[in-house]
Number of protein chains: 2
Amino acid sequence: MNLKDIAKAAGVSTATVSRVLSGKDNVRADTRKRILEVVDRMNYRPNRAARSLRSRRSSFIGLIVADIQSPFFASLSRGVEDIAQKNDYSVILCNTDENPKKERMYLDMMQGENAAGVVVAPTLRLSKTITRSVADSCATVVIDRRVQGVDVDMVLIDNVTAAHDLTAHMLGHGYTRLAGLFGESSSTGLERRAGFEQALQDAGMPSDEQLVLHLPAREDAAHEAVSRFLELDNPPEAVITSNGMLAAGAFRALRDREISVPEEVAFATFDETPWTAMIRPSVTVVRQPAYALGQTAAEMLFKRIADPERPTRQVVLSSELVIRQSCGNHKE
Amino acid sequence: MNLKDIAKAAGVSTATVSRVLSGKDNVRADTRKRILEVVDRMNYRPNRAARSLRSRRSSFIGLIVADIQSPFFASLSRGVEDIAQKNDYSVILCNTDENPKKERMYLDMMQGENAAGVVVAPTLRLSKTITRSVADSCATVVIDRRVQGVDVDMVLIDNVTAAHDLTAHMLGHGYTRLAGLFGESSSTGLERRAGFEQALQDAGMPSDEQLVLHLPAREDAAHEAVSRFLELDNPPEAVITSNGMLAAGAFRALRDREISVPEEVAFATFDETPWTAMIRPSVTVVRQPAYALGQTAAEMLFKRIADPERPTRQVVLSSELVIRQSCGNHKE
DNA sequence: GATTAAAATGTAATCGTTTTCAAAAAATGT
DNA sequence: ACATTTTTTGAAAACGATTACATTTTAATC
């Protein structure tokens with residue numbers, strides 16, 4: 001069943017039916033009603049492929065993230081999906097596993113398959129060239145992670161400040177020897193590190209190169225790193241991690257050695273995950289507005305789709321420092 | 001740039017280029033090579049909309065789950081996505097929030113937009129009629145949850161047995177008064193309840209109606225229910241929950257009242273989540289093969305797409321009882 | 001009521017592929 | 001070398017919507 005059938009049944013031309021169905025132009029109220037009745041009665045659904053072929057715009061957007069299994073990206077993706085659904089778009093989910101090749105492949109695919117737009121949390125290695133090329137051929141919003149030197153819509157949190165505040169809070173508790181574990185494949189890792197260093201510097205505290213590491217976002221990497229820290233002659237008094245994966249590994253390492261937190265080693269991390277509030281001691285975190293990040297990105301994307309010429313903008317959402325037990329403040 | 005351009009550049013007809021690009025028919029090796037060179041040189045990518053319009057098959061599949069934020073569905077979806085990617089398909093992610101209306105809307109959409117297939121974890125309310133109609137018009141695999149009386153591919157775990165074994169394990173520790181919290185909107189909740197009851201019956205144990213509830217899969221629902229249990233004159237000696245959401249609420253309720261687990265009340269649940277192994281006491285769980293479930297479903301889907309006539313089958317994957325501290329066994 | 005402007009509708013071309021059918025070329029058999 | 005089969009290619013018709021343009025209908029104005 002197609003447009004023609006509907007047109008025939010309603011006694012009008014395909015053009016009119018099309019106009020009604022895509023909510024365009026002016027159609028007389030009674031013909032519109034008549035057509036809608038027929039459409040409803042025959043339970044007709046337009047063929048998206050045909051529609052997208054002729055109109056040169058599709059009704060899906062791509063969402064490219066490292067791994068949907070990370071709670072952060074899961075919430076973010078819900079934000080994107082909910083807004084997309086409101087706008088009658090579908091979202092295609094792509095997991096890159098931080099692998100630039102996969103990322104590039106997916107980006108190519110979105111371009112090739114005429115996605116209406118892409119929301120992407122890029123790896124560090126994503127070059128401006130490819131970003132430019134993608135952004136030129138389909139609406140693009142960069143989310144969570146920054147991409148340098150390209151004029152493109154972005155929605156981010158202020159990682160430097162958040163890391164600075166978290167670190168300063170730690171220092172406020174009197175810890176002086178801080179270890180920091182940061183992601184290696186994202187701009188967020190870099191920025192959080194910068195905030196960390198900045199806070200130490202502000203406090204006139206030296207940073208020990210040995211205790212500051214950039215790691216792949218995997219539990220085992222953090223577990224191993226913290227285990228090694230604990231074997232040092234002068235182990236750190238506090239550990240900060242830059243994302244939920246590293247946090248899990250780090251926390252396990254502390255527990256495996258039966259280190260009491262925060263008494264022997266204090267702990268805090270970026271990312272609220274299901275266990276940070278559940279565990280004892282509860283873990284101080286920088287809670288990121290993951291869902292809102294996704295919503296905002298999707299909203300911006302649809303604005304850009306509607307008007308490709310609008311000036312690009314960068315939106316920075318604020319994150320929240322949630323102080324719990326693991327950094328020494330027992331108020332909860 | 002389109003097929004015609006490529007054809008012209010290669011000095012052949014569009015038909016031949018099409019044949020090469022869709023890997024069909026016989027094309028002489030040297031013309032194929034020549035065409036591929038041109039395609040590569042001009043960096044051409046076929047238009048999927050046109051392709052899908054003409055050939056009446058698309059290159060995406062739908063994945064319909066309750067909520068991607070649940071770790072179970074997140075893993076499952078990774079399984080689906082990884083297999084889809086291997087087969088050059090994209091996956092469209094749909095969250096129903098257990099809302100039958102949304103579910104139906106998405107199912108309709110997949111049908112209407114000519115998805116090549118759908119993997120769906122249906123709500124209880126999903127009728128056979130709609131399932132039948134969807135399965136007739138696009139390849140369908142039902143996952144995790146059963147849908148009654150319809151001849152369709154399914155991949156499941158044996159919920160009855162798993163719940164039976166978990167419950168029996170509890171009983172083996174000497175607890176006699178067991179509470180059970182089950183999901184209300186899925187067949188899994190029903191089946192797990194059945195296994196629970198069965199185990200009690202096998203042990204000649206009465207089941208207290210008051211302690212067996214079907215709840216929406218939300219933390220607060222379980223929190224409230226367990227809080228009420230604890231106010232009873234004869235509170236349960238053990239609590240079992242049917243999914244990760246309920247588990248979180250139940251566990252919090254126990255902790256809020258400073259109930260010691262497992263001494264005062266033992267605890268166990270379906271679903272391995274990030275905190276079950278992290279927390280102390282660690283939580284005994286039925287670990288479901290979520291990723292494998294997704295993989296298997298996707299593989300079955302592609303087989304069905306390839307051959308719509310093949311007999312339907314039901315695959316049951318086994319789950320694993322992971323015994324930890326929360327049910328009284330301190331071996332870990 | 002005639003004239004004109006505006007709104008509603010229709011006709012037919014078009015989007016970029018795949019696919020059918022027929023023709024040409026190559027391979028095979030005698 | 002010719003007839004026959006098989007393989008490779010091309011021309012042109014789909015697929016099902018949108019849309020530019022032409023036409024008809026309605027409304028507005030005098």
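Below, chain A is the first sequence line, B the second, and so on; all start at residue 1.
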Counting only N and O atoms by type, is there a donor-acceptor contact under 3.5 Å from the side chain of [X] to the main-chain atoms of [Y]?
{"X": "B:Asp307", "Y": "B:Glu309", "answer": "yes"}
{"X": "B:Arg145", "Y": "B:Pro122", "answer": "yes"}
{"X": "A:Thr140", "Y": "A:Val118", "answer": "no"}
{"X": "A:Arg19", "Y": "A:Asn26", "answer": "no"}
{"X": "B:Asn2", "Y": "B:Lys4", "answer": "yes"}

Nucleotide of [options] approaching [X] most closely (side-chain heavy atoms):
{"X": "B:Leu53", "options": "C:dT19, D:dG10, D:dG16", "answer": "D:dG16"}
{"X": "B:Ala50", "options": "C:dA13, C:dT20, C:dG16", "answer": "C:dG16"}
{"X": "A:Arg28", "options": "D:dT19, C:dT9, C:dG10", "answer": "C:dT9"}

Between C:dT18 and B:Ser55, is there an OP1 or OP2 to side-chain N/O distance shorter than 4.0 Å?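 No, outside the criterion.
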Short side-chain N/O contact to C:dT17 OP1/OP2 from B:Tyr44, under 4.0 Å: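 Checking B:Tyr44 against C:dT17: at least one side-chain N or O falls below 4.0 Å of OP1 or OP2.
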Identify whether any heavy atom of [X] sits under 4.0 Å from a base atom; if not, whether one sits that close to sugar-phosphate; answer base, sugar-phosphate or nothing.
{"X": "A:Lys4", "value": "nothing"}
{"X": "A:Ser18", "value": "base"}
{"X": "B:Thr16", "value": "sugar-phosphate"}
{"X": "A:Thr14", "value": "base"}
{"X": "B:Arg56", "value": "sugar-phosphate"}
{"X": "A:Arg32", "value": "nothing"}
{"X": "B:Thr31", "value": "sugar-phosphate"}

Taking a pair as Watson-Crick or G-U wobble with both distances under 3.5 Å, which nucleotide is matched to C:dT30?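 Pairing partner, where one exists within any strand: D:dA1.
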What is the distance, to the nearest angstrom, from the [atom1] atom on [X] to the [atom2] atom on [N]?
{"X": "A:Arg57", "N": "D:dA17", "atom1": "CZ", "atom2": "C1'", "result": "11 Å"}
{"X": "B:Leu3", "N": "D:dG10", "atom1": "CG", "atom2": "C1'", "result": "14 Å"}
{"X": "B:Asn47", "N": "C:dT14", "atom1": "CG", "atom2": "P", "result": "17 Å"}
{"X": "B:Arg48", "N": "D:dA17", "atom1": "CZ", "atom2": "P", "result": "21 Å"}
{"X": "A:Ile6", "N": "C:dG10", "atom1": "CD1", "atom2": "C1'", "result": "18 Å"}
{"X": "A:Asp5", "N": "D:dG16", "atom1": "CG", "atom2": "C1'", "result": "10 Å"}
{"X": "A:Lys24", "N": "D:dA17", "atom1": "NZ", "atom2": "C1'", "result": "11 Å"}
{"X": "A:Asp30", "N": "D:dT26", "atom1": "CG", "atom2": "C1'", "result": "12 Å"}

So how far is it from B:Arg48 CZ to A:Met109 CE, rounded to the nearest 0.5 Å?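 Here the interatomic distance stands at 7.0 Å.
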Per the atom types in the model, does the base of [N] pair as donor or acceptor with the side chain of [X] at under 3.5 Å?
{"X": "B:Arg54", "N": "D:dA14", "value": "yes"}
{"X": "B:Arg19", "N": "D:dG10", "value": "yes"}
{"X": "B:Arg51", "N": "C:dT17", "value": "no"}

Identify, between A:Ala15 and A:Asn26, the residue whose nearest nucleotide on DNA chain C lies closer to the 5' end. A:Asn26
Want to settle it: does A:Asn2 or B:Arg34 sit nearer the 5' end of DNA chain D, counting the closest nucleotide to each? B:Arg34
